[in-house]
Amino acid sequence: MKRRELIQETQRQSFDLLPSSVEAKGLDKSLISQLYGKGLTTKQLLSEQILVQSVGSQLRVSNAALLVFGKKPEQSIPEAKILCSEFKGTSGREIISTREITGSIPYQAQQAMSLISSWLERNYKLRGVEFRGTTLIPEVALREAIINALVHRKYSIPGAIKIALFQDRLE
């Protein structure tokens, strides 16, 4: 653990509530509106801890708000990304496809869910005029795993969230 993290821990400072380097204009207002409605005031943004005061009383976006509502959170928090890889076989030696997903947590969840679901489809059958595949992992379980990885990740630790699909398992 770094010295800075130890100090923050002893002062009961959460990484989520620390000010980022981003000003309010770095937030996606449409994402905030989806959750809070339109016309949120600065006072309300402060009470919801979307904005926090930094050194010199400047208002900055909290790290948590940046991850959820930020336009490009990965620019300030490099760990805010998912690396999805599909491997041939079971050993992970030969990569079929890799994709890096960045953006807000809701966007990453949606993109990862869509990508992994498309990789998992097997046993295609004709339904109406479309071929539809079945997946080996229930959608609800996949969604839960992706959201848990995004929400419970310690963003102060370097590295991306990694999702690896092998012939016989998903990690």
Side-chain angles (χ1 to χ4, degrees), residues 1-86 95 97-120 139-165 170-171:
M1 193 177 272
K2 295 179 183 176
R3 183 174 179 254
R4 178 178 48 95
E5 289 173 346
L6 286 171
I7 292 168
Q8 289 170 356
E9 196 171 293
T10 59
Q11 295 175 349
R12 303 236 187 263
Q13 291 180 334
S14 164
F15 174 81
D16 294 347
L17 298 180
L18 291 174
S20 69
S21 60
V22 176
E23 297 176 7
K25 64 183 176 187
L27 294 174
D28 185 334
K29 290 179 181 40
S30 67
L31 288 174
I32 295 172
S33 294
Q34 286 176 14
L35 188 60
Y36 293 101
K38 295 187 183 219
L40 211 56
T41 65
T42 300
K43 185 177 179 179
Q44 290 168 316
L45 290 170
L46 283 164
S47 72
E48 293 292 331
Q49 297 179 327
I50 293 170
L51 292 180
V52 293
Q53 290 188 340
S54 67
V55 178
S57 296
Q58 293 178 322
L59 294 181
R60 296 282 189 231
V61 175
S62 68
N63 285 325
L66 179 60
L67 290 165
V68 176
F69 303 117
K71 292 178 184 172
K72 295 187 177 195
E74 67 280 355
Q75 290 180 344
S76 296
I77 304 172
E79 292 72 27
K81 60 185 167 190
I82 302 174
L83 185 60
C84 298
S85 299
E86 182 180 18
I95 297 174
S97 181
T98 294
R99 180 156 168 221
E100 183 177 284
I101 301 171
T102 59
S104 66
I105 285 178
Y107 179 79
Q108 287 184 45
Q110 176 211 22
Q111 292 297 306
M113 185 75 186
S114 177
L115 178 65
I116 300 301
S117 292
S118 72
W119 286 352
L120 282 170
E139 183 178 316
V140 68
L142 179 61
R143 182 177 54 244
E144 182 77 13
I146 290 170
I147 290 172
N148 279 344
L150 285 163
V151 172
H152 296 294
R153 187 204 193 300
K154 190 169 181 177
Y155 286 90
S156 58
I157 297 173
I161 293 171
K162 294 179 181 157
I163 300 174
L165 176 63
L170 179 71
E171 294 180 357

Check whether any side-chain N or O of Ser118 sits under 3.5 Å from a backbone N or O of Leu115 as a donor-acceptor pair, and report yes or no. yes
Is the backbone N or O of Lys38 less than 3.5 Å from a side-chain atom of Lys29, with the two atoms forming a donor-acceptor pair by type? no
Any Tyr107 side-chain heavy atom under 4.5 Å of Asp28 side chain: no
To the nearest 0.5 Å, tell me how far Cys84 SG sits from Trp119 CH2. 5.5 Å
Report, as yes or no, whether the 6.0 Å neighbourhood of atom OH on Tyr155 holds more than 12 heavy atoms from other residues, nucleotides or ligands. yes
Please report the closest heavy-atom contact between Ser76 and Leu66, naming both atoms and the distance. CB-CD2, 3.7 Å
Rounded at 0.5 Å granularity, tell me how far CZ in Arg99 sits from CD1 in Ile116. 10.0 Å
Please check: side-chain N/O of Glu139 versus main-chain N/O of Ser117, any donor-acceptor pairing under 3.5 Å? no
In this structure, CG of Leu59 is separated from CG of Leu45 (nearest 0.5 Å) by 9.0 Å
For Val52 and Leu18, work out which heavy atoms get closest and say how close. CG2-C, 4.2 Å
What closest approach, in Å, do Ile157 and Glu79 show between heavy atoms, and which atom pair accounts for it? O-CG, 3.0 Å
Any idea which heavy atoms bring Gly103 and Pro73 closest together, and the distance? O-CG, 3.2 Å
From Leu51 CG over to Lys43 NZ, what is the distance, rounded to the nearest 0.5 angstrom? 14.5 Å
Heavy-atom distance under 4.5 Å between the side chains of Phe69 and Val61, does that happen here? no
Nearest 0.5 Å, what's the OG-CD distance between Ser104 and Gln110? 9.0 Å
CG of Leu27 to CD1 of Ile50: how many Å apart, nearest 0.5 Å? 7.5 Å
When every non-hydrogen atom of Val68 is compared with those of Leu31, the smallest separation belongs to O-CD1, 3.7 Å
Less than 4.5 Å apart, side chain to side chain, heavy atoms only: is that true for Ile82 and Leu150? yes
What closest approach, in Å, do Ile77 and Phe15 show between heavy atoms, and which atom pair accounts for it? CD1-CZ, 4.3 Å
Under 3.5 Å, is there a donor-acceptor pair between the side chain of Thr102 and the main chain of Lys81? no
